[in-house]
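These notes concern the structure reproduced below.
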Amino acid sequence: MPPVGPRSGDAIFANVERVNAELFTLTYGAIVRQLLTDLEEVEEVNKQLDQMGYNIGIRLIDEFLAKSNVSRCVDFKETAEVIAKMGFKMFLGVTASVTNWDADGTCCSIVLEDNPLVDFVELPDTCQGLYYCNILSGVVRGALEMVSMKTEISWIRDMLRGDDAFELQVKLLKQVPEEYPYKDDE
């Protein structure tokens with residue numbers, strides 16, 4: 001039997017159990033609305049969405065690695081490509097592109113042309129500071145932290161604010177060396 005190689009985002013997406021997209025979108029909207037009601041401050045809601053995403057990301061990476069058969073990425077550039085082409089496809093059904101690399105290869109943008117979280121969404125004037133999809137930045141940050149990459153994620157463009165796409169800036173702060181709980185040579 002030949003060795004199993006990495007699967008494409010489309011192949012993984014075809015075999016993953018899915019939830020009705022409208023149910024998912026409306027449920028997420030209800031969560032954001034409840035946070036706005038409970039916390040009242042838009043900046044606090046942004047922090048809470050990021051933290052929720054982070055908690056999801058640190059768990060989601062296990063499922064991604066188990067189902068995608070992806071081997072260890074060589075560098076941050078390859079990792080960003082895997083997130084954009086496979087991760088977003090596997091969990092959201094959309095493909096993203098990676099652009100705007102800096103000279104050091106430690107900062108890039110992940111651009112989503114389509115985002116199922118924002119179907120049926122219009123932000124009122126009172127929520128102009130809200131990053132409605134901030135949960136995604138937390139998911140990416142949490143997943144990357146679990147593979148030893150400390151990052152900073154911020155929104156550059158947001159279609160709910162009138163931009164032409166959704167763009168996340170992903171900045172690698174440091175590569176954390178892996179620590180093992182015991183030494184093999186003892």
By side chain to side chain contact (heavy atoms under 4.5 Å, CB included), which residues pair with Asn46, not counting sequence neighbours?
Val42, Glu43, Leu130, Tyr131, Asn134
Starting from Ile135, can I reach Ile31 by hopping between I/L/V/M/F/W/Y residues whose side chains sit under 4.5 Å apart?
yes
Between Ser109 and Gln169: side-chain donor-acceptor atoms closer than 3.5 Å:
no
Hydrophobic cluster membership, with links at side-chain heavy-atom distances under 4.5 Å among I/L/V/M/F/W/Y: are Phe166 and Val111 in one?
no
Once ring pair (Phe, Tyr, Trp, His ring centres under 6.0 Å) is applied, what residue pairs with a partner in residues 104-128 remain, sequence neighbours excluded?
none
Can you name the residues that form a ring pair (Phe, Tyr, Trp, His ring centres under 6.0 Å) with Phe76, not counting sequence neighbours?
Trp101
Separation between CE of Met149 and CG of Asp75, rounded to the nearest 0.5 Å:
7.5 Å
Compare every heavy atom of Ile156 with every heavy atom of Asp163, then report the nearest pair and how far apart it is.
OD2-O, 4.3 Å
Considering all heavy atoms of both residues, which atom of Ala80 and which atom of Cys108 are nearest to each other, and what is their separation?
CB-SG, 4.0 Å
Closest non-hydrogen atoms of Asn100 and Glu167, given as atom of the first, atom of the second and distance, are ND2-OE2, 3.2 Å
Between Leu136, Val121, Leu160, Asp158, which is the residue that forms a side chain to side chain contact (heavy atoms under 4.5 Å, CB included) with Asn115?
Leu136
Regarding Gln48 and Asp38, is there a side-chain donor-to-acceptor distance under 3.5 Å anywhere?
no
Measure across Lys85 and Ala96 and return the closest heavy-atom pair with its distance rounded to 0.1 Å.
NZ-O, 3.3 Å
